[in-house]
Amino acid sequence: MLSVFRSFIRSKFGAIFAILFLGVIAAAFIMGDITSGKFGGSITGGGTAAKAGGYKLSESELQDRVQRVFENARKSNPGIQIGDFFAQGGATQVYDQLVASLTLRAFADDQGVHISKRLVDAQIAQISAFQDAAGNFSNENFRALLARERLTEKALRDDISREILQRQLLAPVGLGVKLTDSLVLPYASLLLEARQGTVAAIPAVAFLDEKTPSDAQLADFYKKNASRYTIPEQRRIRYAVIDAKRFAQAAQPTDADISTYYNQNKATYAARQSRSVEQLVLPTQAGAKAIADQVKAGKSLADAAKGAGLAASTFADQSREALTASAGKSVADAVFAGKQGDLIGPVRGSLGWLLVRVTAIKETPARPIAAVRDEIVAALRVQKEKQLLTDFTGKIEDAIADGGTFDEVVKDNGLKLETSPLVLATGKQVKDSAFTAGPDLQPLLAPVFLMSADDDAQLIPIAADKRYALAAPGEIVAAAPPPLAEVKQLVVAQYKLNEGSQKAKALAEQIQAKVAKGAKLADAIAQAGVKLPAPQTLGGRRADIMRGEQRPPAEVAILFSMAANTVKTLPIGQDRGYFVVQLNKIERGDAKGQPDLLNQVRTQLSEVVGQEYGQQFERAVEKELKVTRNPNAVAQVRNALAANNSGEQ
């Protein structure tokens, strides 16, 4: 319910937090395993983007950070273009975060606040990418990942230090915010407000011209609307698959291997006995004796337990070791000393007094090596294939690290080179809608689309411990609109729709003017001289219409931003025409009698106000320290990255 409220109270500080909390950029880069790009057209002048105290933010560092955040955005939304990222304020927000970090670092120095190496070490140890399979910090993984991502340990530590510092300085500023009912009530009441209006659609199709536009008109329209037709970046992916089956023959165990494995696991193949039991746990010894007496008199343990309002548990095929672990050694020894049907206990256990009845005894004879040979062969083959695959992939990675090219490594190791057709980051093809990326190609899409043309090849898992691919980008086709001739039919249709939409807009404005002067919307529609759909009555309560994360239709949402008895026009979108929206009725909400809603809104508002306090604190520090910003820095970075990522200027 409160998601609707965010649009009214979202602050700049909150918007900045939505991109990335500054100091975490590098840490997130590692934790998310984001591949850093190497960009050919980077800023090389070494200009200063901002300065705070003794610290400077260079333009090249700003460009690097913006690029990394963009790549992170692409990881979750492969279709996003650099222009979209800039249009949403991505570069400016990253710049503001970097300047905030610089400012607070200078302020911390001035106040004698420092982050210890031990605290940074603790943060690094918690990053999953640096941990081994057991979840422990691995210095080998740490060094390898830093080398692969071309990130120095000092740079990582500096970023983590800044993130900790920022958290320590800003978090306390917003703590303890408590808002009064008088402040919360108006906002909570907004959620209960209901509105009703009349909406008339003026569709563009009602004004379509049968006349075909000229080539000059089409060319001009296509140029002005190139972004509509832009095809996202496409790539050919070059890869060579390495499968564990490659080592099937080499992994075949010898008779000696089989014999050794059998002798090392003799306990597994030895004769053994297991027992199935019923178990009842009681809180007192007296209670346990009473139940035991009933069982000895002929009752089943289950019935005796049921009579006491309890239930017996059953455990099938328990080994001595398993029973020892669950019930204790004394109980296990007694159970395995008894016969089928015997009642053991009461015996004191960790949870109370136990009664255990032996319900079945199962004897498993010893299995000679001949009987389990196939089982051992299968287990050893898997182990050896995995080890050989690990050794081979390690050899591949070493060859790449030593400067070997993709083609050289593929040829030297007898791998089969495969090249995909041009595909989008989603795995689809532009010219073949039926194409889908196969099981080998699909896992390669995200990592290869994050690589630059001159990146080293990467070893990418397809199925962990079973199948890998050495992959690298091949041909890269930058995002661009196709030649007009290829999409002429579509452009003609959209040109006509656009022209119809302009006529719909003119009519919508005429109708708006009539309704504003007192005419009824239905009458104005009927007198338009064009056959149009009849107006509809729409509306509802704000909280219901905008529930959860769903977005209401624009023609309904606009009702909640209109003054009483007003009329507005609204584009339908995609040149489909215009709406004329008239607000007829407003029913004010009152949250006085809804304490739960008031508390929810109070919590939401408190978070935002706390963030505002943090923003104001940072701004005050920036002013006090006389932090300087280069007003051209963001524009220069945008130009450089637009050229590098999409070919646009």
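By convention here, the first residue in the shown sequence is residue 1.
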Minimum side-chain heavy-atom gap Y187-L605 below 4.5 Å: yes
Nearest-0.5 Å distance that lies between atom CD in E612 and atom CD in E607: 13.0 Å
Minimum-distance pair of heavy atoms, taken over all atoms of P461 and L459: CD-O, 4.1 Å
Min side-chain heavy-atom separation K428-T436 under 4.5 Å: yes
4.5 Å side-chain heavy-atom contact, Q166 and Q97: yes
Pairwise distance CD1(I586) to CZ(R195) - rounded to 0.5 angstrom: 4.0 Å
Donor on one side chain, acceptor on other, Q494 and Y229, under 3.5 Å: yes
Over all atoms of both residues, closest heavy-atom pair of M451 and A457: CE-CA, 4.2 Å
Pairs meeting criterion ring pair (Phe, Tyr, Trp, His ring centres under 6.0 Å) with involvement of residues 571-590, two or more places apart: none
Derivation and outcome, side chain to side chain contact (heavy atoms under 4.5 Å, CB included), residues D209 and K496: CA-CA 6 Å; D209 192 344; K496 291 183 177 182; 5.6 Å; no
Test item: L641 and F85 side chains (from C-beta on) under 4.5 Å apart, heavy atoms: no
Nearest-0.5 Å distance, OG of residue S501 to CZ of residue F207: 9.5 Å
Set of ring pair (Phe, Tyr, Trp, His ring centres under 6.0 Å) partners for F406, sequence neighbours left out: none
Non-hydrogen side-chain atoms of Y95 and L62 separated by less than 4.5 Å: yes
Side-chain touch Q600/T603, heavy atoms, less than 4.5 angstrom: no
Pairing of R162 and D159 as salt bridge, 4.0 angstrom limit: yes
T569 versus Q512, closest heavy-atom pair with distance: CG2-OE1, 3.5 Å
Pairwise salt bridge (charged side-chain N to carboxylate O under 4.0 Å, His left out) hits with a residue in residues 565-585, at least two apart: R228-D575, K585-E587
Residue pair E618 / A100: nearest heavy atoms and the distance that separates them: OE2-CA, 3.5 Å
Chi angles and distances behind the side chain to side chain contact (heavy atoms under 4.5 Å, CB included) call for V184, N599: CA-CA 9 Å; V184 174; N599 288 331; over 6 Å; no
Set of residues satisfying side chain to side chain donor-acceptor pair (under 3.5 Å) with respect to D590, sequence neighbours excluded: none
F435: partners by ring pair (Phe, Tyr, Trp, His ring centres under 6.0 Å), with sequence neighbours left out: none
Expected list for residues 522-539: side-chain donor-acceptor pairs under 3.5 angstrom, two or more places apart:
none

Going by atom type alone, with no hydrogens or angles, which donor-acceptor pairs under 3.5 Å involve a side-chain atom of residues 438-449 and a protein atom two or more places apart or on another chain?
from	atom 1	to	atom 2	distance (Å)
D440	OD1	R467	NE	2.9
D440	OD2	R467	NH2	2.7

Donor-acceptor under 3.5 Å (S561 side chain, I558 main chain): yes
Point-to-point distance, once rounded to the nearest 0.5 Å, from CG of L185 to CG of L179: 12.5 Å
Spacing of F86 atom CZ and R638 atom CZ [to the nearest 0.5 Å]: 6.0 Å
L190 backbone acceptor or donor facing R542 side chain under 3.5 Å: yes
Q217 versus S214, side-chain donor and acceptor atoms under 3.5 Å: yes
Name the atoms and distances for all side-chain donor-acceptor pairs under 3.5 Å in residues 479-493, with sequence neighbours left out.
from	atom 1	to	atom 2	distance (Å)
K488	NZ	D215	OD1	3.4

Side-chain heavy atoms of L424 within contact of I231, under 4.5 Å: yes
For R235, side chain to side chain donor-acceptor pair (under 3.5 Å) partners two or more places apart: E233
Working for side chain to side chain contact (heavy atoms under 4.5 Å, CB included), residues I572 and I202: CA-CA 9 Å; I572 297 177; I202 318 294; over 6 Å; no
Any V627 side-chain heavy atom under 4.5 Å of L102 side chain: no
Stepwise side chain to side chain contact (heavy atoms under 4.5 Å, CB included) test for Y613 and V177: CA-CA 9 Å; Y613 286 170; V177 175; 3.6 Å; yes
NZ (K505) with more than 12 external heavy atoms under 6.0 Å: no
From T48, N630, N632, residue fulfilling side chain to side chain donor-acceptor pair (under 3.5 Å) relative to E59: N630
Set of residues satisfying salt bridge (charged side-chain N to carboxylate O under 4.0 Å, His left out) with respect to E622, sequence neighbours excluded: R619, R629
Salt bridge K503-E499, side-chain N to carboxylate O under 4.0 Å: no
Residues in ring pair (Phe, Tyr, Trp, His ring centres under 6.0 Å) contact with F617, at least two apart in sequence or another chain: F107
R238 side, atom CZ; T419 side, atom OG1 - distance, nearest 0.5 Å: 5.5 Å
Short side-chain to backbone donor-acceptor contact, S433 and Q429, under 3.5 Å: no
Which atom of L597 lies closest to which atom of A591, heavy atoms considered: CD2-CB, 4.1 Å
Nearest heavy-atom neighbours spanning L598 and K592: CD1-O, 4.3 Å
Ring pair (Phe, Tyr, Trp, His ring centres under 6.0 Å) against F221, all qualifying residues, sequence neighbours excluded: Y495
